[in-house]
Peer 1: 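For reference, the structure I am asking about is given below.
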Protein chains: 2
Amino acid sequence: MQNAKTKTILIGDDDFQYVSWLRATLEKEGYSVIWAQNASEVMSKISTKPTAVIVDFMRGQSVGLDLCRELRTLPEFKHLPIIVLTRKCEDSDEATGLEVGADDYIHKSVSNRVLSARLRNVLKRSNALESDNVEEAACEITLGDLVINRQTHTVLLKGKEIFLPRKEFELLWLLVANKGKVFSREMLLRRIWGESVYVTDRTVDVHICKIRQRLGDFGQENLETIKGVGYRIKA
Amino acid sequence: MQNAKTKTILIGDDDFQYVSWLRATLEKEGYSVIWAQNASEVMSKISTKPTAVIVDFMRGQSVGLDLCRELRTLPEFKHLPIIVLTRKCEDSDEATGLEVGADDYIHKSVSNRVLSARLRNVLKRSNALESDNVEEAACEITLGDLVINRQTHTVLLKGKEIFLPRKEFELLWLLVANKGKVFSREMLLRRIWGESVYVTDRTVDVHICKIRQRLGDFGQENLETIKGVGYRIKA
DNA sequence: CGAGATGTTAAAAGAGTGTTAAATACCGTT
DNA sequence: AACGGTATTTAACACTCTTTTAACATCTCG
């Protein structure tokens with residue numbers, strides 16, 4: 001449920017006081033923050049490939065807008081989430097804003113909670129746009145006496161419910177959903193733990209062990225170890 | 001899953017220039033568009049049963065808000081997706097908009113890409129609400145000794161009436177109506193609090209706690225926590 | 001046999017949750 | 001508009017369960 005990779009937010013704003021507040025807010029939420037004091041700095045720091053950009057209108061001058069427009073012309077940043085901060089409601093700004101294509105407009109006075117929630121929303125949306133979401137295809141898989149349901153988070157073995165904690169559940173689901181396919185520990189870690197999570201691959205072994213115990217004979221028989229390679233569900 | 005019928009969007013806005021842009025955007029996305037120039041026109045054209053309504057605040061007067069409020073009082077439009085456009089950046093407006101039952105609140109300067117993404121979001125959500133479960137269909141659900149009635153807003157436990165405040169009631173209703181299904185806190189927040197309401201997810205926990213207390217043993221036994229995942233009613 | 005790999009267990013570390021109380025927002029009355 | 005009561009939200013702390021680490025046992029195969 002938590003983001004695997006640390007998300008980086010590039011802030012383009014020359015209001016030092018606000019930036020320090022914003023930085024604190026974002027970092028508390030687990031984002032990493034890069035600060036650019038002016039438009040050209042933004043353009044140079046954009047190469048770090050931030051997850052999103054938050055720009056201010058820069059003291060009423062439409063530097064932020066130009067920036068926004070410029071970014072949108074570059075193919076690689078065409079879908080980069082951009083949030084424009086505002087402190088005024090000047091119509092001229094609005095009119096221009098229309099054509100530049102920001103993802104959200106946030107008033108500078110909003111609370112940190114609202115800000116981070118809206119940022120989250122924007123990120124979620126842009127994420128959905130990119131992968132236009134397959135969502136969860138099936139929510140239930142069956143393998144012999146075993147029925148795993150994602151929606152209800154239940155595992156039924158011969159009709160009896162067995163509780164699995166989250167990681168074990170995900171592990172089992174992944175393996176069963178790909179019956180026969182061998183997953184290396186690394187692969188499992190990447191798929192379930194996420195890209196930049198640092199855990200020993202022995203952790204996987206422990207979980208596999210627990211799963212086997214919980215599933216009893218069924219586990220012993222079907223959850224197979226391929227030595228030197230990984231684990232799989234027997235085909 | 002999707003019905004083949006073209007989705008119709010009713011636009012209520014008197015800003016001709018903007019409307020023509022909006023219409024172009026939406027039609028390019030495959031929606032069919034109906035335009036109403038003022039509030040009463042909206043009310044008359046609403047009978048065409050559009051898939052969603054997009055209204056502007058109409059030059060600062062809160063016509064849009066009144067409209068929104070009015071629509072919400074009519075049972076048949078209780079769940080009609082409403083998006084409120086604005087060019088103002090006052091938080092009070094946003095607060096009011098949401099309070100009055102808008103599904104999303106979008107700044108007018110936002111790009112067409114963003115606009116259609118958010119529209120899609122709103123539609124998806126309202127769709128899920130309608131098809132996903134019984135919810136609106138039945139106004140009374142029973143679960144063992146528990147009877148929940150939406151119309152009368154009452155909860156009977158072993159025949160004894162128990163009062164639940166609104167949020168707790170909605171929460172319980174949603175969970176019971178989808179017995180067995182696990183809802184993450186995010187999901188609950190989106191479904192009950194709405195798309196653009198920003199509260200800590202711990203709020204959900206507090207409500208769950210209260211519900212459990214009120215329902216006594218029944219609550220303890222049936223309202224289950226799946227750690228790291230969410231809540232559900234035991235199947 | 002012995003080295004590397006895996007199974008297993010228990011304890012440490014960590015994350016997630018229950019619960020209470022206090023703060024805030026809301027609502028109907030006066 | 002001020003008031004009082006209720007509902008909702010936040011914040012804090014304790015506690016539980018999960019996850020991870022580490023250590024040791026066991027296995028496999030050249």
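Both backbone and side-chain heavy atoms feed into the values below; hydrogens, waters and symmetry mates do not. All values reported here derive from a predicted model rather than from experimental measurement.
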Peer 1: What is the distance from CG of Leu189(B) to P of dT10(D), rounded to the nearest Å?
Peer 2: 10 Å

Peer 1: Tell me: CD of Glu168(A) to C1' of dT8(C), nearest whole Å?
Peer 2: 14 Å

Peer 1: Taking the side chain from Arg185(A) and the backbone from Asp205(A), do they hold a donor-acceptor pair closer than 3.5 Å?
Peer 2: no

Peer 1: Has the side chain of His207(B) got a donor or acceptor atom that lies under 3.5 Å from a matching backbone atom of Phe169(B)?
Peer 2: no

Peer 1: Is a side-chain donor or acceptor of Lys45(A) paired with a backbone partner of Trp35(A) at a separation under 3.5 angstrom?
Peer 2: yes

Peer 1: It should be established whether Trp193(A) places a side-chain nitrogen or oxygen under 4.0 Å from OP1 or OP2 of nucleotide dT20(D).
Peer 2: yes

Peer 1: Name the nucleic acid region contacted by Leu164(A), choosing base, sugar-phosphate or nothing; use a 4.0 angstrom heavy-atom cut-off, strictly under.
Peer 2: nothing

Peer 1: dG16(C), dT6(C), dT9(D): which one has an atom nearest the side-chain heavy atoms of Thr225(A)?
Peer 2: dT6(C)

Peer 1: Can you work out whether Gly230(B) or Arg166(B) has the more 5'-proximal nearest nucleotide on DNA chain C?
Peer 2: Gly230(B)

Peer 1: Figure out the CD/C1' separation between Gln220(B) and dT19(C), and round it to whole Å.
Peer 2: 11 Å

Peer 1: Under a 4.0 Å heavy-atom cut-off, which of residues 199-214 of chain A touch DNA chain D?
Peer 2: Val199(A), Thr200(A), Thr203(A), Val206(A), His207(A), Lys210(A)

Peer 1: Does the side chain of Ser32(A) reach to within under 4.5 Å of the side chain of Thr8(A), using non-hydrogen atoms?
Peer 2: yes

Peer 1: Looking only at the side chains, is there a donor atom on one of Thr154(A) and Arg232(B) sitting less than 3.5 Å from an acceptor on the other?
Peer 2: no

Peer 1: Please state how far atom CZ in Phe183(B) lies from atom P in dT17(C), giving the value in whole angstrom units.
Peer 2: 16 Å

Peer 1: For the pair made of CG in Leu172(A) and P in dT19(D), what is the distance, rounded to whole Å?
Peer 2: 13 Å

Peer 1: Give Phe169(A) one of three labels, base, sugar-phosphate or nothing, depending on what nucleic acid heavy atoms sit under 4.0 Å from its own.
Peer 2: nothing

Peer 1: What is the distance from CZ of Phe163(A) to P of dT16(D), rounded to the nearest Å?
Peer 2: 16 Å

Peer 1: If I take atom CG in residue Leu215(A) and atom C1' in nucleotide dG7(C), what distance separates them, rounded to the nearest angstrom?
Peer 2: 16 Å

Peer 1: Do Arg150(B) and Trp173(B) form a cation-pi contact, if we require the NZ or CZ to be under 6.0 Å from the six-membered ring centre and within 45 degrees of the ring's axis?
Peer 2: yes

Peer 1: Start at the 5' end of DNA chain D and walk down; is the nucleotide closest to Lys227(A) or to Tyr198(A) reached first?
Peer 2: Tyr198(A)

Peer 1: Rounding to a whole Å, what distance do you find between Ile192(A):CD1 and dT18(D):P?
Peer 2: 17 Å

Peer 1: Check this for me: does any side-chain nitrogen of one of Arg118(B) and Asp104(A) sit under 4.0 Å from a carboxylate oxygen of the other?
Peer 2: yes

